[in-house]
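Sequential numbering from 1 along the given sequence is applied to the chain's residues. Values below: all heavy atoms of this structure, side chains included; hydrogens, waters and symmetry mates excluded.
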Amino acid sequence: MERKHMSAFSLYQTLSADLPSPAKKPSIQVASKKKKKKKNGIAGSKVHAIKTQVKPEQKKRCKKPPKSAQTQEEVKEEVECVNGTDEALDALLSDLSRVNNSRERASRLFQWLISPVPAKAFFRDTWEKKPILVQRKNPDYYKGLFSTAEFDRILRQEDVQYGVNLDITTYTNGKRETHNPPGRALPFTVWDFYENGCSIRLLNPQAFSSTVWNVLSILQERFGSMAGANVYLTPPGTQGFAPHYDDIEAFVVQLEGKKHWRVYNPRTEDETLPVFSSPNFNDAEIGRPILEVVLEAGDLLYFPRGFIHQGDCLPDAHSLHITISSYQKNSWGDLLQKLLPAALDIAMEEDVEFRQGLPLEYLTYMGVQNSDKDDPRRTKFFSQTESLLKKLINYAPVDAAVDQKARDFLHDCLPPMLSPDELASSVQGAPARWECGQVMDVAAHINKQTRIRLLRADCARLCGDGEAVDLYYTTSNSRVYHKEEPKSFEIKAEVGLGDLSKCHVCIQPLCESMFIIAFPPQHTEAVEFLIHSYPKFVTVGSLPCGAAEERIALAELLFEKGIIHTAEPL
């Protein structure tokens with residue numbers, strides 16, 4: 001008797017039937033919001049800005065959720081028509097590779113992403129504030145960024161692992177499930193899941209797609225924060241994810257097909273610009289959407305972190321979209337988490353008032369169990385606490401805390417994708433080779449007249465901790481998030497003037513990526529000079545440090561690490 005074929009999805013369900021169900025995530029009650037529609041029949045690009053009206057008496061922030069729908073303000077939808085650019089992505093990236101300044105390159109690419117919305121107006125009026133929808137009626141606008149055919153190629157040629165690079169998901173009857181088998185995601189199994197109504201999420205497409213890598217590596221300089229991406233492929237008539245909010249700024253780029261989206265306001269003030277993503281919600285917890293739309297290929301939907309959203313496919317078409325994200329853990333609070341402990345350390349070291357003992361018997365009148373006591377000692381205790389907190393700002397090493405944030409950013413960054421000209425003038429395109437039975441052109445041939453500059457505006461940064469200065473750089477990062485440790489050189493302030501030409505042998509490894517370099521202190525000035533000179537090329541001889549041999553040796557080291565490139569190929 002012929003054995004009946006069992007799909008991968010059915011097989012997975014059979015194998016996992018006996019597994020314990022995951023713990024139920026907490027839910028929070030919220031009232032629904034009303035939606036007021038406003039139509040615009042003009043054809044062409046449409047930009048929908050979502051704005052909430054607030055009555056004067058309700059401007060004061062309230063942390064408690066509203067009790068009923070009647071206390072909610074109506075949501076007004078404004079529609080504005082603007083003309084945008086239709087430049088193809090491959091042509092745009094080719095043009096951008098010839099732009100001299102990587103920050104200008106990033107600004108132009110971001111403008112293309114959100115066109116026709118002016119970038120200046122976007123960051124002033126929309127960023128972190130409200131969703132915006134761009135409907136272009138141009139299915140080819142984002143063509144070349146990613147495709148289902150590219151995804152199929154990745155499955156066949158790359159080592160894609162379930163749970164690491166790819167998730168199989170469903171959301172049916174209010175229940176969100178993940179169906180990842182162990183091991184490598186091969187085409188036969190993945191497409192079988194898809195045919196049985198499962199959504200597919202590719203978690204780090206930049207590791208497999210050079211175009212996505214290129215786009216994100218450029219955009220990260222616009223945000224000053226890591227730019228990441230996920231790709232979502234959804235079969236017709238299905239939904240892969242429950243309603244939820246994220247802790248990132250999200251740009252939903254529709255690549256193929258179409259998808260029905262609903263976006264909801266944050267439920268309370270506490271969930272505005274959240275630090276963490278939410279658990280899964282059900283429809284009763286989130287109320288009515290402030291925006292409901294069908295995204296078609298070429299359209300863009302942006303919403304800030306904290307805005308609840310869900311997307312489902314219509315019965316007549318599949319959907320492929322990529323969500324470009326940024327600004328995760330990049331708030332003032334995240335900076336203060338680094339700043340305040342350092343400020344306390346300095347204050348306790350330098351100010352005796354911070355080292356004085358707590359009042360005798362303070363435990364008898366302070367703390368939760370004593371919070372209702374009418375005790376004058378409590379007032380004095382609060383007053384002293386407030387005084388010390390105000391005084392703490394005098395010891396706050398703000399620049400050092402910013403440098404800690406910068407180190408995190410450089411660790412998160414993708415390495416730059418080099419243009420042909422950059423490749424030819426960097427260490428990756430250096431002429432060293434094997435030819436005629438011997439090694440040829442292995443020396444870098446950098447001299448005082450060689451013109452150099454940073455490979456990218458933000459590819460390297462000097463960071464200090466009070467005792468030493470580190471040069472962090474991104475050029476040796478991996479396309480896989482945090483696969484490599486942070487890359488840096490530590491410049492010891494106490495090291496005396498020495499022969500920098502011997503730095504290749506005096507490097508002492510501290511870990512896989514951190515090294516002590518025998519740099520004289522003034523070489524920090526040379527690196528700073530290079531950073532501030534960007535995008536101009538400067539001669540090696542103009543570096544403000546030491547003798548000519550030391551300048552050349554410093555340039556050779558930076559060249560070997562891919563941090564700089566030359567105006568002309570060596």
ask   = Are the aromatic ring centres of Tyr473 and Phe489 under 6.0 angstrom apart?
value = yes
request  = Starting at CZ of Phe123, measure out to CD1 of Ile114 and round the result to the nearest 0.5 Å.
outcome  = 6.5 Å
inquiry  = Under 4.0 Å between a side-chain nitrogen and a carboxylate oxygen: does that hold for Asp408 and Lys338?
reply    = yes
key: Partners meeting salt bridge (charged side-chain N to carboxylate O under 4.0 Å, His left out) with Arg124 (sequence neighbours left out)   = none
query = Can you tell if the side chain of Pro304 reaches within under 4.5 Å of the side chain of Tyr302, non-hydrogen atoms only?
reply = yes
query = Would you say Leu295 and Leu133 make side-chain contact, with heavy atoms under 4.5 Å?
reply = yes
ask   = Hey, are Lys143 and Asp90 close enough for a salt bridge, meaning a charged N less than 4.0 Å from a carboxylate O?
value = no
ask   = Mind checking whether Glu249 and Phe223 have side chains closer than 4.5 Å, heavy atoms only?
value = no
inquiry  = If you define the side chain from C-beta out and look only at heavy atoms, does anything of Phe307 sit under 4.5 Å from Ile290?
reply    = yes
ask   = Counting distance only, does the side-chain N/O of Ser102 pair as donor-acceptor with the main-chain N or O of Ala457 below 3.5 Å?
value = yes
message = Whether Asp403 and Arg407 form a salt bridge (side-chain N of Lys/Arg under 4.0 Å from carboxylate O of Asp/Glu) is what I want to check.
response = no
task = Could you walk me through whether Leu414 and Arg479 pass side chain to side chain contact (heavy atoms under 4.5 Å, CB included), step by step?
result = CA-CA 6 Å; Leu414 286 164; Arg479 289 162 62 178; 4.3 Å; yes
ask   = Quick one: are Gln135 and Glu296 in side-chain contact, heavy atoms under 4.5 Å?
value = no
Within-4.5 Å side-chain heavy-atom neighbours: Leu410 and Pro486 = no
request  = Taking all non-hydrogen atoms of both residues into account, name the closest pair between Cys198 and His179 and its distance.
outcome  = SG-CD2, 4.3 Å
query = Taking the side chain as C-beta and beyond, is there a heavy-atom pair between His244 and His309 under 4.5 Å?
reply = yes
request  = Report yes if the side chains of Phe193 and Val190 come closer than 4.5 Å at any heavy-atom pair, otherwise no.
outcome  = no
query = Salt-bridged, Lys130 to Asp125, with N to O below 4.0 Å?
reply = no
request  = Locate the shortest heavy-atom distance separating Leu92 from Leu109; write the atom from each residue and the value.
outcome  = CD2-CD1, 3.8 Å
